[in-house]
Amino acid sequence: MSHLTPREEELALRVIPFPSDANPYGDIFGGWIMSHVDVAGAVPAHRRARGRVATVAVNAFTFKQPVAIGDVVSFYARVVKEGRTSVVVDVEVYAERGHDAPEKVKVTEATLTYVAVNPDGTKRELPA
Ligand SMILES: CC(C)(COP(=O)(O)OP(=O)(O)OC[C@H]1O[C@@H](n2cnc3c(N)ncnc32)[C@H](O)[C@@H]1OP(=O)(O)O)[C@@H](O)C(=O)NCCC(=O)NCCS
């Protein structure tokens with residue numbers, strides 16, 4: 001196991017993809033990873049905004065390694081920048097595979113921006 005993985009308190013989501021999440025070549029569909037990254041990134045954004053947030057932008061997204069059916073996929077997310085109404089969140093994704101000689105590899109990294117919104121969907125300032 002790598003000691004370079006993010007801190008456990010940044011763990012926002014952990015999930016095992018099914019065969020139905022794979023593309024025709026047997027790798028996990030990129031859209032499955034993207035949707036889970038969006039959900040994971042919203043966790044610290046929601047916590048910081050103390051309420052509802054909306055994804056306004058995906059600033060960067062890199063698929064570094066393929067994900068396989070049955071991998072244990074962990075999504076780590078943290079706020080790296082704050083604006084007036086928005087927060088920028090880094091999400092790092094690791095896949096754990098193998099039983100006898102388990103390894104944990106970084107498969108994806110992404111940066112997204114979330115905006116704090118009111119119940120009617122309009123933006124609001126981040127609370128102090
Ligand atoms: C999020 C939303 C309420 C923002 O409203 P808006 O009036 O367009 O807001 P602004 O253009 O003033 O931007 C608000 C904040 O987002 C930031 N922002 C806007 N567009 C951005 C972009 N492309 N990249 C990075 N940040 C961006 C602004 O810099 C600003 O941050 P700050 O207040 O911290 O300085 C509105 O765009 C919206 O409802 N979008 C749809 C959200 C949604 O449905 N997401 C789900 C995916 S379908």
Side-chain angles (χ1 to χ4, degrees):
M1 297 264 178
S2 165
H3 61 283
L4 296 174
T5 51
R7 293 177 302 159
E8 281 305 303
E9 57 261 38
E10 293 169 1
L11 180 66
L13 199 59
R14 182 167 277 159
V15 62
I16 298 177
F18 285 9
S20 57
D21 303 314
N23 66 25
Y25 308 103
D27 292 326
I28 297 308
F29 175 48
W32 180 91
I33 299 169
M34 294 176 93
S35 106
H36 284 79
V37 163
D38 189 18
V39 172
V43 170
H46 183 274
R47 194 178 289 137
R48 172 61 189 91
R50 290 197 219 117
R52 183 173 166 180
V53 292
T55 313
V56 73
V58 176
N59 310 309
F61 211 107
T62 307
F63 297 106
K64 299 169 77 70
Q65 296 278 334
V67 175
I69 296 162
D71 285 353
V72 178
V73 188
S74 301
F75 298 76
Y76 297 89
R78 66 196 164 100
V79 172
V80 292
K81 194 175 156 196
E82 296 184 9
R84 198 175 69 86
T85 66
S86 70
V87 289
V88 177
V89 177
D90 272 359
V91 182
E92 294 181 275
V93 187
Y94 287 80
E96 256 176 279
R97 54 186 63 139
H99 298 292
D100 297 333
E103 58 167 354
K104 192 167 185 174
V105 294
K106 190 191 242 190
V107 292
T108 294
E109 54 192 24
T111 307
L112 303 90
T113 302
Y114 298 84
V115 175
V117 293
N118 294 302
D120 66 357
T122 56
K123 68 187 173 193
R124 64 182 166 87
E125 283 192 28
L126 292 173

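Remember, it's 1-based here, ligands and their atoms both numbered in the order they're listed.
Remark: Arg50 pairs with no residue by the side-chain hydrogen bond (donor to acceptor under 3.5 Å, both in side chains) rule, at least two apart or across chains. Every residue was checked against the side-chain contact (heavy atoms from CB on, under 4.5 Å) condition with Ser35, not counting sequence neighbours, and none meets it.
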Quick check for students: name every N or O atom pair between ligand 1 and the protein closer than 3.5 Å, with distances.
from     : atom 1 : to     : atom 2 : distance (Å)
ligand 1 : 12 (O) : Lys123 : NZ     : 2.5
ligand 1 : 31 (O) : Ser86  : OG     : 3.1
ligand 1 : 33 (O) : Thr85  : N      : 2.9
ligand 1 : 33 (O) : Thr85  : OG1    : 2.6
ligand 1 : 34 (O) : Arg84  : N      : 2.7
ligand 1 : 34 (O) : Thr85  : N      : 3.0
ligand 1 : 34 (O) : Ser86  : N      : 3.0
ligand 1 : 34 (O) : Ser86  : OG     : 2.7
ligand 1 : 45 (N) : Thr55  : O      : 2.9

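Looking at Arg124, its side chain does come within 3.5 Å of a backbone N or O of Ala49 through a donor-acceptor pair.
Within the 4.5 Å cutoff, side-chain heavy atoms of Val88 are placed close to those of Thr111.
Within a 6.0 Å sphere centred on CZ of Phe29, other residues, nucleotides and ligands contribute 12 heavy atoms or fewer.
Within the structure, side chain to side chain donor-acceptor pair (under 3.5 Å) pairs that include any residue of residues 59-69 comprise Asn59-Thr113 (at least two apart or interchain).
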